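A short write-up of the structure that comes next.
We use all heavy atoms of the structure for the numbers below, so side chains are in, but hydrogens, waters and symmetry mates are not. Model, not experiment: these values are computed from the prediction. Lettering of chains follows the sequences in order, A, B, ..., and the numbering in each one begins at 1.
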Amino acid sequence: MKRPWLAALAALIGLGLLAAAGTLNLERWGSFAIFFVIQASIYALLTLGLRVQWGSTGLFNLGVSSLFALGAYTSALLTKSPIASAGELAGAGLPFGVGLLGGMLVASVAAVALGAFTLRLRGDYLAMVTLGAGEIIQLILMNEEPLTHGPEGLRAIPQPWHSLLSPRDYNFLYGVIVLTALVLGYLLLKRLVRSPWGRALRAVRDDEEAAEALGKHVFRFKLQAFVVGSALMGLAGGLYAHFTTFISPADFEPLQTFIVWMMLIVGGSTSNRGAAGGAYLIWGLWVGTSVLSGLFPSIWAVKFAYMRVIAIGLTLQWILIKYPQGVWGERRRSRD
Amino acid sequence: MLNDTVNPAITYSLSRRRFLKGLGLVAGGLVLGTLPGMAQSTIPIGGLYPLTGAAALFGPKFVQTAQLAVDQVNAAGGPLDRSLNLVVKDSGSAPQQATSAIQELINLSGVPAVSGAATSFATVAVAPIAAANEVVLISPSAATTELTTLDDHDFVFRTFPSNALQGVALAKLALQEKFKTLSVIHRNDSFANTLAGALVKAFQARGGTVLEDVSYPPNETSFRSALERANRSNPDVIVPIPLAEDGLLLIKQAFQLGIEKLRLWPSSIKNQEFVDDLVKTLGKGALEGIEGTFPSMPQSLSAKRYAAQYQQRFGEAPTPFTANVYDSLFVIALAIQAAGKATGPAIRDALRTIANPPGQVVGVDEFAKAKDLLGQGKAINYSGASGPVDFDEHGDVLAPVGIYEIHDGKIVETGKIPAN
Amino acid sequence: MSLWNDFVGQLPQLLAYGLVTASVLGLGAVGWSFLYRIFNFANFAHGDLMTLGAYWGLLFNVGWRLPWSLAFPLAIVATIGSALFIDRVFYRPLRRRGSAVLLISSAGMALVLRNTLRLFWGQSVHSYDLGFHQAILVLPGVRLTPEALIGMAFALVVTLGLFGLLQYTRMGKALRAAADDLDLARVCGMSLTWITRWTWVLGAGLAAVGGIVLGVEQHLLYPLMGWNLLLPIFAAAVLGGLDHPSGALLGALVIGVGEELFGFFFPNYRPALALVVLIGLLLWRPAGLLGGRS
């Protein structure tokens, strides 16, 4: 077998689940697993979006959380109906699909607006501007109450085909939707990366001046990559909003941007597998350490919580040092 | 320089294999490791508190208080002669972590009820998960008015009253002190925003004038210009509505600037640690006579007993919301005892019967007595550390709102705001 | 009275507040831009390095009961030591891996630092053993606390000292050469270890001074104190053009003063101003305020 570690991992988890099934409810384990898969898959979509921007094109986007937020708020506002008793004003009540597409569209438009000004700047300036835009968008979400309902956020965001399953089992259905989106996004990127367009992007990334000299329209390629990546982030936002059914500015702190960057760099910024795998790995680290905390008596809980975050930080450093190309990175980077 | 440079990794494939194998081992360990927690001898109860992130100031106090309540219940025999096992999870700095944590509590630890979350946004975020899994969620500190109208199948409760109550109380206290004009300076988050809104509305409805309603972003560090703005039309009083450390920063900067009008405080800064720190820097005189509101029954027997026991065990005065944490755990224990089983729906259905009148009143640390009464088939009415803890049809409590005053560097509870 | 009239009346006072804010931002931004220039390293742990400096001061001043004149210099040394240790263990192996990897590494280090402080000091609030003073009239219409005045003076002296160092000493000239072109400097025989050491001595030293000044000025230390300043520090450094440390100082002045003036009108959007100014300026002058090269 090509990947013995994968088999070992699967066997271990399978064994563990079997052993657990005796004393605890397998269905509950399933519920937890599907919840994890949905969250990790949404992060994977974000990471894939960043993979197009950074891994393929070298665009230093530190505004991931803001594009995520735009997708989420747009999709929520397009699909929900305002709760009058809570003082909400906005909400269009349109179908789920329209919401998702709208979220992707708004994120893309924002990307065009941001990119048109900044993609000609030095790379690190793009980083600063997108970081700033992220903060500004968060402040707008907090303050423009008629539209966003301010820090109280938007709740009761509708879920598609909600009545088909009981609320407890609904996540299984939603998991299928999210996984479908992830697989489609993954396959799309795979094709794009291998297409002439993808090769052009890599040329831009590796040597901008040479690409320009070869007659490639560098700015246009950069903008296209920025928009494609941002649309994926907008899609992730929409999927997130309908998953949690409640969003507020707190969901879109700059911390989210760093988590997504961690996922990409750890997984390997130059491969789709790396992007998706990194998302699962890092989110698994966050959640796995939290699961561990349940094993300790509560008097240790406070110190454990601090040590947990320290451990996450140190593990990150270790992976960065140990895997120069990321855990799933290309062994040799193609230079075509 | 911006792009990753190529670095040949010779041992790459092998070490990756080893690394992922290790990861698999850890994952397998996790699966097996959660087994003891599911054993049926103890009843697991969740504590979902902020240990890292912006509200992290509250977390450690919440955990120790919850443990105090659980220890007392267990020492008195525990509900159904089983002992409670408090499982604490960090709600973290983002809702993504809070929702994942409550999933772990519900599906991996198998808790039938959760005390938490602390912040308003985290509570609203985890509420749908609790409701869908038929697990009771009792927040000790989420005050946002949003929680009242949540579509939660009645699984969401709180032991801290909605901001609608404290806002009115603050307005009444302001008028009682003959303040005719006021300005508000509040943090722009779900808790402070709804409290400021309720205060402004109530103060204006009672004939007061609100001169400025200033809000600042949650990660603000300099309040100087916001304070000058709040003070610009010379209000009689400025009400600060912060969440945690920001309150201390705000008050200190106000004193530095000579703006000494922040003399009406909400419950979030009724914190002896803060007052001690202020006394250390400002001296006692500056704080003398500052008043504030807190949504609890002052001077009640239960409240006094709670404060004494807390002081005795931890060597410090109770900090904000801890009385509500204590009550959230205690009512869960009572509900399990009354329901005869530890499942979410059973606890939900029993909560109002043990916490609301009619029934014989039981209070803080009286689990044995309650168990006795329930055993005799009598009704009980829990009246706890934070007040009577009577849940209405939304799962909200209608607590009386108390008044505190800073006197000689100590927070003293002086009375309560009349109901209407 | 209209808001505008009040604003005009308060203008000197608000400007003075701006200088206070700018002094702390400046100490952070000068050190940050220095690291950025030499290593192409956007240090996301810089805010937490400031917090660390402030907490070392707390350990020596409150924990060990040393007078501040002893405690604070010790804290600066300790912060530099910590930074060198972190660099040696974590950043050095990543140095050749590009700025994205270093950025992520420092963001992770920020988490580690903050939670290590929580582990040892708990989550409670702390303050130094120093007296508290109310604002005194400095100029007509301008009231500032002695702490703020001392803090500003300190910031000024330290940054001017640094500029002098860079301008007139052999070490400074060498460092500036390294900042212009690290590879060239190495070819010319400068040792990377030497450059690294002095870069961190200056960068972390300034961060420690910034953290301590902040702690003294606001009479409060808490784990998030430095992290909350990170964005304006970036903005100040980038605004200054990243070419010379004095640019970062100028950037800090623009951001600090601008924020306090803007904050009077829109307290709820106060941090946004720094970023709007930054974005506008980058569009207008992509090389920054003082930037010569593009």
Side-chain angles (χ1 to χ4, degrees), chain A residues 4-5 8-9 12-13 15-17 19-20 23-24 28-29 31-32 35 39 58 60 85-86 123 139 142-143 150-153 155-156 167-168 170 205 244-246 248 250-251 253 255-256 269 286-288 290-295 298-299 301-302 305-306 309 322-325 327 331 333, chain B residues 2-4 6-7 9 12 15-17 20-21 23-28 30-35 37-38 47 51-52 59-60 63 66-67 86-90 93-97 99-101 103-104 107-110 121 124-125 128 131-133 144 146 149 151 188-190 193-194 217:
Chain A
W5 54 265
L9 186 82
L12 262 175
I13 291 179
L15 262 178
L17 281 174
T23 45
L24 69 89
R28 293 202 145 180
W29 257 100
S31 301
F32 177 72
F35 187 87
Q39 273 193 328
F60 212 142
S85 65
L139 283 169
M142 251 178 233
N143 286 299
E152 282 90 290
R155 61 183 165 86
R168 188 201 287 260
Y170 176 75
R205 175 194 68 190
T244 63
T245 72
F246 166 69
S248 74
D251 290 89
E253 298 263 347
L255 176 77
Q256 299 302 325
S269 58
W286 280 98
V287 174
S290 176
V291 169
L292 269 181
S293 74
L295 304 181
S298 63
I299 39 168
V302 176
Y306 306 150
V309 182
K322 188 94 181 156
Y323 297 92
Q325 300 301 315
V327 177
R331 243 171 274 192
R333 184 182 266 181
Chain B
L2 268 174
N3 285 339
D4 296 5
V6 182
N7 230 343
Y12 152 79
S15 52
R16 176 177 71 182
R17 191 176 303 162
L20 285 157
K21 241 185 216 163
L23 200 74
L25 277 170
V26 172
L30 290 184
V31 173
L32 298 169
T34 45
L35 291 181
M38 302 296 291
L51 302 178
T52 57
V63 173
Q67 194 61 51
L86 180 68
V87 187
V88 173
K89 297 271 173 176
D90 180 12
S93 44
Q96 287 89 342
Q97 288 161 34
T99 50
S100 181
Q103 280 282 344
E104 291 161 28
N107 286 320
L108 299 188
S109 302
F121 72 79
V124 181
N133 288 282
T144 176
E146 293 281 302
T149 50
D151 180 20
N188 201 1
D189 68 8
S190 190
N193 204 35
T194 49

Exercise. Looking at B:Ala125, B:Ala66, B:Ala94, which one has more heavy-atom pairs under 4.5 Å with chain A than the rest?
Worked result: B:Ala125

Exercise. For A:Phe35, is it the side chain, the backbone, both or neither that has a heavy atom under 4.5 Å from a heavy atom of chain B?
Worked result: side chain

Problem set entry | Side chain, backbone, both or neither of B:Val124 within contact of chain A (heavy atoms, under 4.5 Å) | both

Exercise. In terms of heavy-atom pairs under 4.5 Å with chain B, which of A:Leu255, A:Val302, A:Thr245 leads?
Worked result: A:Val302

For this session: Test side-chain contact (heavy atoms from CB on, under 4.5 Å) on A:Arg28 and B:Asn133 and set out the steps.
Result: CA-CA 10 Å; A:Arg28 293 202 145 180; B:Asn133 288 282; over 6 Å; no

Problem set entry | Portion of B:Thr144 that has a non-hydrogen atom of chain A nearer than 4.5 angstrom | side chain

Exercise. In terms of heavy-atom proximity below 4.5 Å to chain A, should B:Gln96 be classed as side chain, backbone, both, or neither?
Worked result: both

Seminar exercise, completed: In terms of heavy-atom pairs under 4.5 Å with chain B, the winner among A:Gly153, A:Ala156, A:Ala305 is A:Ala305

Seminar exercise, completed: Of the listed B:Pro95, B:Pro128, B:Ala131, B:Gly59, the one with the largest count of heavy-atom pairs under 4.5 Å with chain A is B:Pro95

For this session: Decide yes or no for A:Pro151 and B:Phe121: does some side-chain heavy atom of the first lie under 4.5 Å from some side-chain heavy atom of the second?
Result: no

Exercise. Under 3.5 Å, is there a donor-acceptor pair between the A:Gln39 and B:Gln103 side chains?
Worked result: no

Exercise. Top residue by heavy-atom pair count (under 4.5 Å) with chain B, among A:Ser298, A:Ser293, A:Ala301?
Worked result: A:Ser298

Problem set entry | Contact leader toward chain A among B:Val88, B:Val63, B:Asn188, where contacts are heavy-atom pairs under 4.5 Å | B:Asn188

Problem set entry | Side-chain H-bond candidate by donor/acceptor type, A:Ser290 with B:Gln97, under 3.5 Å | no

For this session: Look at A:Ala250, A:Ser248, A:Pro167 and state which one has the largest set of heavy-atom pairs under 4.5 Å with chain B.
Result: A:Ala250

For this session: Of all the heavy-atom pairs spanning B:Thr52 and A:Tyr306, show the shortest one and how long it is.
Result: CG2-CD2, 4.1 Å

Problem set entry | Contacting region of B:Pro60 [heavy-atom separation from chain A under 4.5 Å] | both

